[in-house]
Amino acid sequence: MKYCFGVDIGGTTVKMGLLTESGEIVEKWEITTDTSDEGKAILPDVASSISRKMEERQLSKDEIIGIGAGVPAPVTSEGVVNGSANLGWNYKEVKRELEELTGMKAEIGNDANVAALGEMWKGGGAGEKNMIMVTLGTGVGGGVIIDGKILVGQNGAGGEIGHLCVNYEETDKCGCGNKGCLEQYASATGIVRLAKKKLGQDLRPTALKKEDVTAKDVFDAVKAGDEVAKEIAVEFGTYLGHALANLAAVTDPAVFVIGGGVSKAGEVLIPYIQEPYLERAFFANRKVRFTLATLGNDAGICGAAKLMIDKA
């Protein structure tokens, strides 16, 4: 049997997994991400952890297909990162360095793209080859899969869904420096922003408290029938649904997979996104399916392994 390592490098922890080539997770574990000194120790730490795991399981390099890794940054098709604020990296030839450190083949991708590949392989998008994953967390990430392959783009920035402009009248800046990005309305922090604005203007009784409202609070209140919360959810869903209709006109997906922390609200999210999507979707894109991500934190390691397996 052949194996592959899947590595999901985050700003706090590196999630790692040993998988079979059919996608079964044999074992998973985490190590701390050492971002000190411009993140110089990150890849050596990953290589050391892989080496220890191979010793524990008495695996030889002949039994390993290679190492797939997802990183929180745009990644070129050559496995180069031109900067990752979360990791402290500037220009870094991640693929080359990891191959030199381990003596094994490596493939590198953006973490959101890689998570999308994982969901296509073993999660919410299983059975499809054309898919868009949207991750609703602190920001809005995404991955576009066309004919089973990640859309990388010239600079590794394909699938940056969160920075589609959805409001040309916005005066506040997004973290990227632009104004009116989807991330400002559909992320967990964006939902809080919408909620605080609404609660500052609406005097109707509601379970929501402006001072410490969270995205979870909003959707818990939606489930309880709170009218103010429902209107916040409609605004969130309208921005996201219309943005996805625009994306569908370009990529024609079979399924949208909704992941990230906000997706933990569950199925209640889907109608709020799907209805405005259908208002704006091109007729040929109207039969797209909406579903929730199912792999959770395993999406990254599964997708990273799949990236390497496909290349091999």
Side-chain angles (χ1 to χ4, degrees), residues 74-77 109-121 123-137 139-170 174-187 190-191 194 233-260 262-263 267-293 299 303:
V75 182
T76 71
S77 54
N110 166 266
D111 56 355
N113 288 344
V114 160
L117 194 62
E119 287 288 344
M120 184 200 77
W121 191 28
E128 304 292 358
K129 293 294 184 186
N130 295 286
M131 182 192 108
I132 293 176
M133 182 171 173
V134 186
T135 52
L136 308 174
V140 173
V144 179
I145 310 290
I146 298 175
D147 198 23
K149 305 294 182 187
I150 293 170
L151 176 67
V152 176
Q154 177 66 28
N155 302 298
E160 288 289 348
I161 291 166
H163 301 289
L164 289 169
C165 185
V166 295
N167 182 1
Y168 297 108
E169 308 303 318
E170 181 61 68
C174 174
C176 75
N178 287 336
K179 297 175 184 177
C181 292
L182 179 61
E183 190 167 287
Q184 291 179 272
Y185 314 97
S187 62
I191 294 165
L194 293 178
V234 165
E235 190 175 4
F236 145 82
T238 300
Y239 280 118
L240 182 51
H242 289 175
L244 296 183
N246 288 337
L247 278 172
V250 179
T251 61
D252 190 21
V255 60
F256 287 108
V257 177
I258 311 297
V262 174
S263 73
E267 293 290 339
V268 69
L269 282 175
I270 301 297
Y272 286 100
I273 304 167
Q274 189 170 25
E275 287 173 20
Y277 170 83
L278 290 171
E279 289 171 5
R280 295 290 173 89
F282 180 58
F283 73 89
N285 305 131
R286 291 177 61 82
K287 290 184 179 178
V288 69
R289 186 162 56 90
F290 283 77
T291 188
L292 297 173

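All values derive from a computational prediction rather than experimental measurement. Only heavy atoms go into these numbers, but all of them, side chains included; no hydrogens, no water, no symmetry mates.
- Between the side chains of N130 and D252, no donor-acceptor pair is found at a separation under 3.5 Å.
- If you take SG on C181 and CG on L164, they are separated by 8.5 Å, rounding to the nearest 0.5 Å.
- Under the 4.5 Å side-chain criterion, counting only non-hydrogen atoms from C-beta, T135 is not in contact with V140.
- Between N178 and H163 there is no side-chain heavy-atom pair separated by less than 4.5 Å.
- Between atom CD of residue E183 and atom CG of residue L136 there is a gap of 10.5 Å, rounded to the nearest 0.5 Å.
- Side-chain contact check for Y185 and E170: at least one donor-acceptor pair (N or O, by modelled atom type) lies under 3.5 Å.
- Taking the side chain as every heavy atom from C-beta outward, L240 and L182 approach each other to under 4.5 Å.
- Across all their heavy atoms, S187 and G137 have their closest contact at CB-O, 3.3 Å.
- Rounding to the nearest 0.5 Å gives a distance of 12.0 Å between CD1 of I150 and OG of S77.
- Annotation: side chain of N155 is not in contact with side chain of T76 (no heavy-atom distance under 4.5 Å).
- What you find for V152 and V75 is that their closest heavy atoms are CG1-O, 3.5 Å.
- For the pair A116 and G143, the tightest heavy-atom approach, listed with the atom from each and the gap, is CB-CA, 3.8 Å.
- Considering every non-hydrogen atom in both E128 and M120, the closest pair reads O-CG, 3.1 Å.
- Q274 places no side-chain N or O within donor-acceptor distance of the main-chain N or O of I270, the cut-off being under 3.5 Å.
- One N or O on the side chain of R286 and one on the backbone of L278 form a donor-acceptor pair closer than 3.5 Å.
- Rounding to the nearest 0.5 angstrom, the gap separating the CD1 atom in I191 from the CZ atom in F236 is 4.5 Å.
- Minimum interatomic distance between M133 and A293 (heavy atoms only, all atoms of both residues): CE-CB, 4.2 Å.
- The CG atom of L151 sits 5.0 Å away from the CD1 atom of I146 when rounded to the nearest 0.5 Å.
- Distance alone, capped at 3.5 Å, is enough to place a donor-acceptor pair between the N110 side chain and the A112 backbone.
- Classified by interplanar angle (parallel below 30°, tilted 30° to 60°, perpendicular above 60°), the ring pair Y277/F256 is perpendicular.
- A salt bridge does not link K179 with E169: every distance from a Lys NZ or Arg NE/NH1/NH2 to an Asp or Glu carboxylate oxygen is 4.0 Å or more.
- Residues Q184 and C174 have side chains in contact (heavy-atom distance under 4.5 Å, counting atoms from C-beta outward).
- Here the side chains of I161 and I132 are in contact, with some heavy-atom distance below 4.5 Å.
- Residue T238 holds its OG1 atom at 10.5 Å from OH of Y272, rounded to the nearest 0.5 Å.
- Contact between G124 and E119 at its shortest, heavy atoms only, is N-OE1, 2.7 Å.
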